[in-house]
There are 2 protein chains.
Amino acid sequence: MDNLQSAPIIIGKLLNIGGMLQRHGNRILQPFGLNQQQFSIFFEIAKAGKVKQKDMVNRLLLEKAHVSKVVKKLHGMGLITITASDEDKRSAWLAPTQEGKQILNKCRGIFKEWNKQWSKAVDDIELNSILENLSHLQAVFEDKI
Amino acid sequence: MDNLQSAPIIIGKLLNIGGMLQRHGNRILQPFGLNQQQFSIFFEIAKAGKVKQKDMVNRLLLEKAHVSKVVKKLHGMGLITITASDEDKRSAWLAPTQEGKQILNKCRGIFKEWNKQWSKAVDDIELNSILENLSHLQAVFEDKI
DNA sequence: CTAAGTAAGTATCCATGGAAACTATTTTTT
DNA sequence: AAAAAATAGTTTCCATGGATACTTACTTAG
């Protein structure tokens, strides 16, 4: 099969898989009152320890309006703190709370379990090949989109 | 890297790429008054030639309520016909109109051009390996989700 | 040093899509 | 053949997220 034939099929499959994962993530996170996107923003905040909204926008390539709303929600849920920044009064620092970290760990555990499940069906070599392929694709799309 | 380390990264990348593609698809299709999901339903109807809503639900793994709404929209836009079915009065046959087929071809052309663009950055061998990987993953997730 | 331009976030509008309850029909059970 | 269960689609509710315009603060040009 040549490039022009496989390219659209690849796109179709990526969209399909992406949708499945997103819906699955939403379902898993439902008990925590979060969805997949909200969690990924929360996760990034926790990973960074201390960030501003614009960092999230850059890292996750999301709309700043969207990030703003999610940040407000996370704050309302007591998962993050928002501390005014001295250098730039337009923005504030975001950091996970103690409670936030606990919830994060619970989620991490659930995801880990699920990852263990599905990755059993794929051997190590293939998994690494997938990772390489996806990293390349990610770079290509970030560039071409 | 072992399975348990790469698995979550793979999921993260799939979600990220899926999101990018969806947003890109939405942007491309905007002039036609459709979004990526609506187009994919329309595309499936056209590909099949004559189907019922439940076929779309099964093939695309979407919510039937959602499909119902999109079908109504496509019909309202004059892209498909809805013909009552004799065997089962609960359901109706869906088929693309002449105009629908024309619009579909236009979109196909645009997507083809874009596919040509990005796939230049990936050689044939890698593209085939990606296709294999994704097919496997798709099957795994359909099964494990 | 002020005016114009840019940047970080917010508010608002609106189509979208998931969930659940509902209607109408068909199939299965007894 | 009547009752129960299953199926196809629809309706309604509501959180979501993209787009745009706006506010406030910062930066740079003249």
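Naming convention: chains lettered A, B, ... in sequence-line order (proteins, then strands); numbering from 1 in each chain. Please read these numbers as outputs of a predicted model, since none were measured by experiment. Hydrogens, waters and symmetry mates play no part in the numbers below; they use all other heavy atoms, side chains included.
The side chain of A/Ala65 lies closest to D/dT20, out of D/dT11, D/dT20, C/dA19. Nearest to the side-chain atoms of B/Asn35 among the listed nucleotides D/dT11, C/dG17, D/dG18 stands C/dG17. Of the candidate nucleotides C/dT25, D/dT16, D/dT20, C/dT25 has the atom nearest to the side chain of B/Lys89. Of the candidate nucleotides C/dT10, D/dG17, D/dG9, D/dG9 has the atom nearest to the side chain of B/Ser91. Across C/dG17, D/dG9, C/dA8, the shortest atom-to-atom separation from the side chain of B/His66 is found for C/dG17. Closest to the B/Gln37 side chain, of the nucleotides C/dA20, C/dG17, C/dA8, is C/dG17.
Counting distance only, with no hydrogens placed and no angle test, the side-chain atoms of A/Arg90 and the base atoms of C/dA7 include a donor-acceptor pair under 3.5 Å. With hydrogens and angles ignored, a donor-acceptor pair under 3.5 angstrom links the side chain of A/Lys69 to the base of D/dG18.
Mapping A/Ala92 and A/Arg23 onto DNA chain C via the closest heavy atom, the residue that lands nearer the 5' end is A/Ala92. Toward the 5' end of DNA chain D, the nearer of the two residues A/Gln22 and B/Val67, judged by each one's closest nucleotide, is B/Val67.
Put simply, B/Lys52 has no side-chain N or O that comes within less than 4.0 Å of OP1 or OP2 on D/dT7. Note on A/Gln53: a side-chain N or O is less than 4.0 Å away from OP1 or OP2 of C/dT10. Considering only side-chain N and O atoms, B/Lys73 lies nowhere under 4.0 angstrom from the phosphate OP1 or OP2 of C/dA15.
In this structure, A/Gln36 atom CD and C/dG18 atom C1' are separated by 15 Å, rounded to whole Å. Atom CG in B/Asn26 sits about 8 Å away from atom P in C/dG17, given to the nearest Å. Per the geometry, CG belonging to B/Leu62 stands 16 Å off P belonging to D/dA8, to the nearest Å. If you measure from atom CD1 of B/Ile82 to atom P of D/dA8, you get 17 Å, rounded to the nearest angstrom. One can place CD1 of A/Ile41 at 12 Å from C1' of D/dT16, the figure rounded to the nearest angstrom. Atom NZ in B/Lys54 sits roughly 12 Å away from atom C1' in D/dA6 (whole-Å rounding). Remark: P of C/dA24 and NZ of B/Lys64 are 15 Å apart, rounded to the nearest angstrom. The distance between atom CE of A/Met20 and atom C1' of C/dG18, rounded to the nearest whole Å, is 17 Å.
Across all strands, B/Ser68 comes closer than 4.0 Å to base atoms (heavy-atom distances). Among the heavy atoms of the strands lying under 4.0 Å from B/Glu87 are primed sugar atoms or P, OP1, OP2 only; no base atom is included.
A 6.0 Å sphere centred on CD of B/Glu132 holds no more than 12 heavy atoms belonging to other residues, nucleotides or ligands.
Within the 4.5 Å cutoff, side-chain heavy atoms of A/Arg23 are placed close to those of B/Leu62. Residues B/Ser40 and A/Leu15 fail the side-chain proximity criterion, which asks for heavy atoms closer than 4.5 Å.
Taking the six-membered ring where the residue is Trp, B/Phe141 and A/Trp114 present parallel rings, their angle staying beneath 30° rather than reaching 60°. Taking the six-membered ring for Trp and thresholds of 30 and 60 degrees, A/Phe39 and A/Phe42 have ring planes more than 60 degrees apart, a perpendicular arrangement.
If you check the side chains of A/Lys52 and A/Ser85, you find a donor sitting under 3.5 Å from an acceptor.
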